[in-house]
Amino acid sequence: MECKLFPEKENLNTGNKYNENFFGLYCTCKRPYPDPEDETPDEMIQCIVCEDWFHARHLGAVPPEHLEYQEMVCQCCMDRCSFLWAYSSKIGVPAVTKITPAEVEEDVKVDDCPVETTKAQNGPCTKSEDVKEEQTAPSTSCDQKPVNGDASNSIKTEMKSEVKSCRLQEYQEHQKPRANTATYWPSNWRSKLCRCDQCMKMYADLEVLFLLDENDTVQAYENKGKSEEAQESRDPLMTALSTMNRIQQVELISEYNDLKTELTDYLKKFAEEGKVVQTQDIQKFFEDLRSRKRQRLDGMQYYCS
């Protein structure tokens, strides 16, 4: 179908990625939501990496019952972004207990993920065959031959400084064994991700640079929505009054009450006659109001002169 806004645009965008979500299927069980055949009460949680939605019982670990966790990364995305295991051991929110994976419950393969992945299309978590665990972080080993004297000490000092500057490498020293489960994260965990040059390159290669954006979280969007809602709910009259002195406040309230009375009387005529108020009726009201106000001002100027 030809684009009406940009006729020269190609009919097929090869950059688009379509998956089960496009057809209304979610989770590792590839079922619709709501599922008319599923009688098990369960909540669905969205993975922040692939943006697919998963049944809590299919995540390999029971979500924490308290409210400390704010985000979840599914099993497949933990496989693809295996560097997150080091952070999970240090700053992740522990799951309640291990549960039976979906493949045991419903003969569903938990790690049955497509090869390609994309965040923009809200696709399911995918595991790339070309991405290996070695991509977690650059190696800290050095193949340089030992050098005598000050040069050797200088190289060692630089290597030690480089290792200390990478938070990921520090966390990997105390990393716990990996598990085939989803992981849960607190509200401020993104700020703790290492931002050294090597890790930044790793994020770019894995296409997960968005994890560094603390404003791209559900909590951030919820806070923004609450702030905008609170701002919209404020009375415009009270907002205007707060910027005026006492005399201006009295004059504004008086004008507001007059406007309210006149508009109520004007609309009451339509209600009594059973007529529908249209746009031009409101426009006529304000035009007449401005005309009467000009007449009053002209009269006051005449008497004052």
From [X] atom [atom1] to [Y] atom [atom2], the distance as rounded to the nearest 0.5 Å:
| X | Y | atom1 | atom2 | result |
| --- | --- | --- | --- | --- |
| L209 | M200 | CG | CE | 5.5 Å |
| Q70 | N188 | CD | CG | 10.0 Å |
| Q75 | T28 | CD | OG1 | 6.5 Å |
| F54 | E43 | CZ | CD | 14.0 Å |
| D79 | C74 | CG | SG | 9.0 Å |
| C77 | I48 | SG | CD1 | 9.0 Å |

Output all residues satisfying side-chain contact (heavy atoms from CB on, under 4.5 Å) with [X], sequence neighbours left out; order by chain, then residue number.
| X | answer |
| --- | --- |
| T243 | none |
| Q175 | W85, A86, S89, Q172, R178 |
| E251 | I247 |
| L252 | L237, A240, L241, M244 |

List the atom of [X], the atom of [Y], and the distance in Å for their closest heavy-atom pair.
| X | Y | value |
| --- | --- | --- |
| P36 | P32 | CD-CG, 4.5 Å |
| D216 | R190 | O-NH2, 3.5 Å |
| C199 | C166 | SG-SG, 3.7 Å |
| K192 | I91 | CD-CG2, 3.6 Å |
| P63 | I45 | CG-CD1, 3.6 Å |
| K30 | L25 | O-CD2, 3.7 Å |

If you group Ile, Leu, Val, Met, Phe, Trp and Tyr by side-chain heavy-atom gaps below 4.5 Å, do [X] and [Y] land in one group?
| X | Y | answer |
| --- | --- | --- |
| I253 | V250 | no |
| M44 | V49 | no |
| W53 | V62 | no |
| Y87 | F210 | yes |

Within the structure provided, determine whether [X] and [Y] are in side-chain contact (heavy-atom separation under 4.5 Å).
| X | Y | value |
| --- | --- | --- |
| R80 | V208 | yes |
| Y203 | L211 | no |
| L84 | W189 | yes |
| L59 | Y184 | yes |
| H55 | D38 | yes |
| Q248 | N245 | yes |
| T40 | R57 | yes |

Next on the checklist: Under 4.5 Å side-chain heavy-atom separation, chaining through any Ile, Leu, Val, Met, Phe, Trp or Tyr, what else clusters with L289? Say none if it is isolated.
Outcome noted: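 Besides L289, the cluster holds L259, L263, Y266, L267, F270, V277, I282, F285, F286.
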Checklist entry - Does F6 sit in a hydrophobic cluster with other residues, and if so which ones, taking ILVMFWY side chains as linked at heavy-atom separations under 4.5 Å, directly or through other members? => result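 Grouped by the 4.5 Å side-chain rule, L5 form the rest of the cluster around F6.
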[X]: which residues meet the salt bridge (charged side-chain N to carboxylate O under 4.0 Å, His left out) condition with it, sequence neighbours left out?
| X | value |
| --- | --- |
| R195 | none |
| K269 | none |
| D35 | R31 |
| D197 | none |

Checklist entry - Tell me the side chain to side chain donor-acceptor pair (under 3.5 Å) pairs involving residues 271-287, sequence neighbours left out? => result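 Pairs touching residues 271-287 that pass the test: E273-K275, Q278-Q280, K284-D288.
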Checklist entry - What do you reckon, is CD of E8 surrounded by more than 12 foreign heavy atoms closer than 6.0 Å? => result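 Yes - once you tally the heavy atoms of other residues, nucleotides and ligands closer than 6.0 Å, there are more than 12.
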Checklist entry - Residues in ring pair (Phe, Tyr, Trp, His ring centres under 6.0 Å) with Y26, at least two apart? => result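 Applying ring pair (Phe, Tyr, Trp, His ring centres under 6.0 Å) to Y26 gives none.
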